[in-house]
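All remarks here apply to the structure that follows.
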Number of protein chains: 2
Amino acid sequence: MDDAALDTMTARDRVDLLHQEIRDRICLLDYLPGSRLSETELAQEFGISRTPLRRVLARLEDEGLLRSVHGVGTMVTDVDYAELAQVYRLRKELVLLQTRLDPVPVSDALLARVRAILQRAEGLESAPSAREFMRMDRDMFLALLELTDNAPLRQMSERLYFRTARIWLQQVTASHIDLMQECRIYAREAAEILNALELGDLDAVGHIRRAHISLSFARMKG
Amino acid sequence: MDDAALDTMTARDRVDLLHQEIRDRICLLDYLPGSRLSETELAQEFGISRTPLRRVLARLEDEGLLRSVHGVGTMVTDVDYAELAQVYRLRKELVLLQTRLDPVPVSDALLARVRAILQRAEGLESAPSAREFMRMDRDMFLALLELTDNAPLRQMSERLYFRTARIWLQQVTASHIDLMQECRIYAREAAEILNALELGDLDAVGHIRRAHISLSFARMKG
DNA sequence: TCGAGGCCAGTTGTGCACAACTCTGCGCAA
DNA sequence: TTGCGCAGAGTTGTGCACAACTGGCCTCGA
């Protein structure tokens, strides 16, 4: 993260950037569920005082990624199975809305982004990396989110996505899921999505993604 | 608001309560869109310092109800038509999910609550009050939200509801909508919902509400 | 008369010290 | 030995003073 640029921005942008940074660390399991974060240490690392940092942590707490307890500490939350299932059921519905509600014409720029992501997916097949997989899936998610112009839908989908994104990585790390196989599946899925996008069939995109979410969840159960 | 009880609760509960209180003031137009709130005055009113109050304001800002600008002030946001339309389109979809996703059996307690609300609605027909209408609609919304056990869906629906709830009140205040007529319509709608609930037809509840939301938005356009 | 520049009151943002609270570990008594 | 209590370190929560910033007013010069 580019700490030097933190000085030139406005306060709100700093909060957004720090929020994104810490959120990514949680989702990439740099901070494991249950582990404790130190407000003092984080403030020192980012070169700010606890006050503005606490605003970032409060937001992450509202989003369900952190939990602060007075006198104890700030812990990274864990996600239990019931909660995970609820999120996935809701995401399966929202992904359909993302192509039905206030749809945006598919731009060449978006197609190019998805093609680039497909290439990354194919690259991962020969050199699997769980972290890179996570980043790639995140980028794909954010790219496809631009298919809708509905701002509240975008915001909610994003919150939900990051709420449970780390579970997949946890399962891979614990060898409950086979990374190699996931990479193969993902490359095929990305190709499917790109194909539907190129045909301009947004409805198909939605249902393809819905199926992928459902299957991904099914594989995680094991 | 019961300020005396603020002392005995934990910090988190205080934040939740203050958040709810200020949110209601915004939604009931005690704080008009565009008006400025003073952090100092609010802190004094609630008998706390600016620090914990600012956490509440930050949350309201994340929810889109406030907007703080450094050196200028904290303003109540206004809702433009495009945003309103987006929220309503999304709410029309979510209201269907509220009865389809993780449905909860209809309890007698819930039926009793809805019956009580129906009585309030009928009472308002003879003595219309925009503020009471708002509170009643909010209570109905929160009651029906218990039809689903899906926590993320509840949270998001709630955020969306309070995001634009004040628009209706604004339109009534500006006489763009006829309060008397709205009260009549609402009593009928509440009866419809109660009827479907008593029959245990959750799918019907969802679609009835969807229609109501759509019609309510249509009346607001004028 | 008009315009530019700066001063001032008022606001949000930040840093820091302390209060409130929890948990661990040690000592002491039964 | 075991249980209780207490003290201390460490953490989040709060209050307060000041920094950073904005917008309007006022002054001064052309």
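Just so you know, these numbers come straight off a predicted model, no measurement behind them. Below, chains carry the letters A, B, ... as their sequence lines are ordered, and counting in each starts from 1.
Of the residues A:Leu202, A:Val114, A:Val205, the one that meets the side-chain contact (heavy atoms from CB on, under 4.5 Å) test with A:Val106 is A:Leu202.
A:Leu57 comes within 4.0 angstrom of nothing in the nucleic acid, heavy atoms only. Using a 4.0 Å heavy-atom criterion, one finds that B:Leu37 contacts the sugar-phosphate atoms exclusively. At a threshold of 4.0 angstrom between heavy atoms, the contacts of B:Thr74 are confined to the sugar-phosphate backbone, with no base atom among them.
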For residues 64-74 of chain A, which side-chain donor-acceptor pairs fall under 3.5 Å, sequence neighbours excluded?
residue : atom : partner : partner atom : Å
A:Ser68 : OG   : A:Thr74 : OG1          : 3.1

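Going from atom CE of A:Met75 over to atom C1' of C:dC23 covers 12 Å, rounded to whole Å. Spacing between atom CD of A:Glu39 and atom P of D:dG13 amounts to 6 Å, rounded to whole angstrom units. Summarising the geometry, the separation between CZ on B:Phe46 and C1' on D:dG13 is reported as 19 Å, rounded to the nearest angstrom. For the pair B:Leu66 CG and C:dT12 P, the computed distance is 11 Å after rounding to whole Å. The distance from atom CZ of B:Arg55 to atom P of C:dG13 is 16 Å, rounded to the nearest whole Å. Between B:Glu61 atom CD and C:dT12 atom P the separation is 11 Å, expressed in whole Å. Going from atom CZ of A:Arg36 over to atom P of C:dC23 covers 10 Å, rounded to whole Å.
Checked for salt-bridge contact, A:Arg59 and A:Asp16 meet the test: a charged N lies under 4.0 Å from a carboxylate O. The pair A:Arg154-A:Asp102 does not count as a salt bridge, with every side-chain nitrogen at least 4.0 angstrom from each carboxylate oxygen.
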For every nucleotide of nucleotides 14-24 of chain D, 5' to 3': is a protein heavy atom under 4.0 Å from its base (B), only from its sugar-phosphate (S), or from neither (-)?
BBB---BBB--

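At distances below 3.5 Å, not a single donor-acceptor pair connects side-chain atoms of A:Ser35 with backbone N or O atoms of A:Tyr31. The closest donor-acceptor contact from the side chain of A:Thr173 to the backbone of A:Leu169 lies under 3.5 Å. Although no hydrogens or angles enter the test, the distance criterion places a donor-acceptor pair under 3.5 Å between the side chain of B:Asn150 and the main chain of A:Gln86.
Donor-acceptor pairing under 3.5 Å is recorded for the side chains of B:Arg209 and B:Gln98. Of the N and O atoms on the side chains of B:Thr77 and B:Arg166, at least one donor lies less than 3.5 Å from an acceptor on the other residue.
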So which protein N/O to nucleotides 5-8 of chain C N/O distances come out below 3.5 Å?
none

